[in-house]
*Asks:* 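I'd like to ask you about the structure that follows.
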Amino acid sequence: MVLGIDFSIKSAAAVLRSGDIYTFYSFARKGVIKEDFKNVLAAAGVMIFETPEEAPEKKVSIGERERASMRDARLLIPTIANCFTQLPINYWGIEGFSFASTGNRLAQISGYQWALRWELLNGGLDIDKFQIYSPTTVKSTAGKGNYKKEEMIEAFIHSRDPFLEKNGLQLALKKMPEWFQTKRGAWLKPLDDLIDAYWVLRTVEAHTLGS
């Protein structure tokens, strides 16, 4: 088994490959996925795990903001980790942060991601089988290191990965792309996160299995 994770606080996603089967997981927070789009994702085989978000009140002290983040992480991180800690995962990887990322938001998401890594390690995943890749490296797996969100999705739709060609998400995107878009043609959340997680997994495989 190989696991790829695209982590964010609002809309984390993961993809697991077991043999020739891909399973896609969305951990978007409540309210991120439009209600009718949930049915589209579920019909395409995406596993959806929504969690509420505990956000601090406006104009509170830094201490209260940090306590809110800690309580929020305690809601999100176990939800993700519990899906994978009992599985015989051979290799696993996470997309790291952009080199341009700075400030308090970077510190916050770094804390969440470290908490997730710790939870997965405590749950039995092998630290020596863990990989982390820059966004540029993940994008390069899809095609080019400067790919934008739309290009990552297009690369997924047109991928000739023989295992992916049997997957419900790619099949649905090929047949009915409008189901995954707004009326103006913008891709709906959390499709980009699911696709990024797939390319993280493929990056893990390219650097460990040579495929």
*Asks:* Hey, are the side chains of Asp161 and Tyr22 touching, using non-hydrogen atoms and a 4.5 Å cut-off?
*Replies:*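 They are in side-chain contact.
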
*Asks:* Is the shortest side-chain heavy-atom distance between Thr208 and Val2 below 4.5 Å?
*Replies:*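 Heavy-atom side-chain distance check fails, nothing below 4.5 Å.
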
*Asks:* With a 4.0 Å cut-off on N to O distance, would you call Glu35 and Lys38 a salt bridge?
*Replies:*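 So Glu35 pairs with Lys38 through a salt bridge.
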
*Asks:* Under 3.5 Å, is there a donor-acceptor pair between the side chain of Arg17 and the main chain of Gly19?
*Replies:*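 Judged by distance alone, yes, a pair lies under 3.5 Å.
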
*Asks:* Drop me the distance from Phe156's CZ to Asn167's CG, to the nearest 0.5 angstrom.
*Replies:*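 The CG atom of Asn167 is 6.0 Å from CZ of Phe156, to the nearest 0.5 Å.
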
*Asks:* I want to check something: taking the side chain as every heavy atom from C-beta on, are Ile157 and Pro177 in contact at a cut-off of under 4.5 Å?
*Replies:*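 The answer is no; the side chains never approach within 4.5 Å.
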
*Asks:* Examine distances only and state if a side-chain atom of Glu53 and a backbone atom of Asp72 form a donor-acceptor pair shorter than 3.5 Å.
*Replies:*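 No.
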
*Asks:* Determine the minimum heavy-atom distance between Ile77 and Ala115, stating which atoms define it.
*Replies:*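 Shortest heavy-atom separation between Ile77 and Ala115 comes out as CG2-O, 3.7 Å.
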
*Asks:* How about Lys148: does its NZ atom have over 12 heavy atoms from other parts shown lying under 6.0 Å from it?
*Replies:*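 Not more than 12 within 6.0 Å, no.
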
*Asks:* Is there a side chain to side chain contact (heavy atoms under 4.5 Å, CB included) between Ser26 and Leu41? Walk through the geometry before answering.
*Replies:* CA-CA 9 Å; Ser26 170; Leu41 292 174; 5.5 Å; no

*Asks:* Does CH2 belonging to Trp187 count more than 12 external heavy atoms closer than 6.0 Å?
*Replies:*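 Yes, the 6.0 Å shell around CH2 holds more than 12 heavy atoms from other groups.
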
*Asks:* Going by heavy atoms in the side chains, are Trp179 and Phe37 under 4.5 Å from each other?
*Replies:*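 Heavy-atom side-chain distance check fails, nothing below 4.5 Å.
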
*Asks:* Is there a side-chain contact between Ile80 and Glu119 in this structure, where contact means two heavy atoms from C-beta onward sitting under 4.5 Å apart?
*Replies:*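 A side-chain contact is absent here, since even the closest heavy-atom pair is not under 4.5 Å.
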
*Asks:* Are there over 12 heavy-atom neighbours, none belonging to Lys189, within less than 6.0 Å of that residue's NZ?
*Replies:*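 Enclosed: over 12 neighbouring heavy atoms sit under 6.0 Å from NZ of Lys189.
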
*Asks:* Measuring from Asp192:CG to Lys149:NZ, what's the distance to the nearest 0.5 Å?
*Replies:*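 So the gap between those two atoms works out to 5.0 Å.
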
*Asks:* Should the heavy atoms of other residues, nucleotides or ligands under 6.0 Å from CZ of Arg74 be counted, would the total exceed 12?
*Replies:*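 No, the 6.0 Å shell around CZ holds no more than 12 heavy atoms from other groups.
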
*Asks:* Same cluster or not: are Val204 and Phe163 linked, directly or through other Ile, Leu, Val, Met, Phe, Trp or Tyr residues, by side-chain heavy atoms under 4.5 angstrom apart?
*Replies:*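 Same cluster.
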
*Asks:* Check whether more than 12 heavy atoms from other residues, nucleotides or ligands sit under 6.0 Å from atom CE of Met70, and answer yes or no.
*Replies:*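 It does not: Met70 CE has 12 such atoms or fewer within range.
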
*Asks:* Give a yes or no on whether the backbone of Ile9 and the side-chain of Arg29 come within a donor-acceptor separation of less than 3.5 Å.
*Replies:*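 At least one qualifying donor-acceptor pair exists.
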
*Asks:* For the pair Phe130 and Trp92, name the ring-plane relationship: parallel under 30°, tilted 30 to 60°, perpendicular over 60°.
*Replies:*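 Tilted: the ring planes of Phe130 and Trp92 meet at 30° to 60°.
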
*Asks:* To the nearest 0.5 Å, what is the distance between CD (Glu64) and OG (Ser69)?
*Replies:*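 That separation rounds to 9.5 Å.
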
*Asks:* Would Ile127 end up clustered with Trp118 when hydrophobic side chains under 4.5 Å apart are linked, directly or stepwise?
*Replies:*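 Hydrophobic grouping puts Ile127 apart from Trp118.
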
*Asks:* Compare all side-chain heavy atoms of Phe180 with those of Leu188 and state whether any distance is below 4.5 angstrom.
*Replies:*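 In short, these two side chains do not touch, never coming nearer than 4.5 Å.
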
*Asks:* Is the number of heavy atoms from other residues, nucleotides or ligands under 6.0 Å of Lys34 NZ greater than 12?
*Replies:*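 Open: at most 12 neighbouring heavy atoms sit under 6.0 Å from NZ of Lys34.
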
*Asks:* Spell out, yes or no, whether Leu16 and Leu121 are grouped together once hydrophobic residues are joined by side-chain heavy atoms under 4.5 Å, including indirect joins.
*Replies:*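 Per the 4.5 Å side-chain linkage, Leu16 and Leu121 are co-clustered.
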
*Asks:* Is any side-chain heavy atom of Thr23 less than 4.5 Å from a side-chain heavy atom of Met47?
*Replies:*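 Touching, per the 4.5 Å side-chain cut-off.
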
*Asks:* Does any N or O in the side chain of Thr203 come within less than 3.5 Å of the main-chain N or O of Trp199, such that one atom is a donor and the other an acceptor?
*Replies:*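 Side chain of Thr203 to backbone of Trp199, a donor-acceptor pair under 3.5 Å: yes, one is there.
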
*Asks:* Measuring from atom CG of Leu120 to atom CG of Leu125, what distance do you get when rounded to the nearest 0.5 angstrom?
*Replies:*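 Answer for the CG-CG pair, Leu120 versus Leu125, is 5.5 Å.
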
*Asks:* For the atom pair CD (Glu95) and OG1 (Thr136), what is the distance rounded to the nearest 0.5 Å?
*Replies:*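 If I round to the nearest 0.5 Å, the distance is 9.0 Å.
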
*Asks:* Would you name the heavy atoms of Met1 and Ser18 that are closest together and state the gap between them?
*Replies:*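 Reported closest heavy-atom pair: CE-OG, 3.5 Å.
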
*Asks:* Has Lys139 got a side-chain atom pairing as donor or acceptor with Tyr147's backbone, closer than 3.5 angstrom?
*Replies:*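 Side chain of Lys139 to backbone of Tyr147: a pair is present.
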
*Asks:* Carefully, step by step, assess Asn146 and Glu151 under the rule side chain to side chain contact (heavy atoms under 4.5 Å, CB included).
*Replies:* CA-CA 9 Å; Asn146 62 351; Glu151 292 168 308; 5.6 Å; no

*Asks:* If only side-chain N and O atoms count, and only distance matters, is there a donor-acceptor pair under 3.5 Å linking Ser134 with Thr137?
*Replies:*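 There is such a pair between these side chains.
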
*Asks:* Is any side-chain heavy atom of Val40 less than 4.5 Å from a side-chain heavy atom of Met176?
*Replies:*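 No - every pair of side-chain heavy atoms lies 4.5 Å or more apart.
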
*Asks:* Any chance CD of Glu178 has more than 12 other-residue heavy atoms, nucleotides or ligands included, within less than 6.0 Å?
*Replies:*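 Above 12, so yes.
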
*Asks:* Quick one: pull up CD in Gln170 and CG in Leu164 and give me the separation to the nearest 0.5 Å.
*Replies:*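 Output value for this atom pair is 4.0 Å.
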
*Asks:* Identify the two heavy atoms, one from Ala73 and one from Pro78, that lie closest to each other, and give their separation to 0.1 Å.
*Replies:*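 Smallest heavy-atom distance, with atoms named: O-CD, 3.7 Å.
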
*Asks:* Check the orientation of Phe27 and Tyr25. Use parallel for under 30°, tilted for 30 to 60°, and perpendicular for over 60°.
*Replies:*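 Plane angle under 30°, so parallel.
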
*Asks:* Specify the closest pair of heavy atoms between Pro190 and Ile33, including all atoms of both residues, with the distance to one decimal.
*Replies:*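 The answer is CD-CG1, 3.7 Å.
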
*Asks:* Is a side-chain N or O of Gln113 found less than 3.5 angstrom from the main chain of Ser110, in a donor-acceptor match?
*Replies:*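 Checking the backbone N and O of Ser110 against the side chain of Gln113, no donor-acceptor pair under 3.5 Å is found.
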
*Asks:* Closer than 3.5 angstrom, by distance alone: can the side chain of Asp6 be matched with the main-chain N or O of Asp196 as a donor-acceptor pair?
*Replies:*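 Not a single qualifying donor-acceptor pair exists.
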
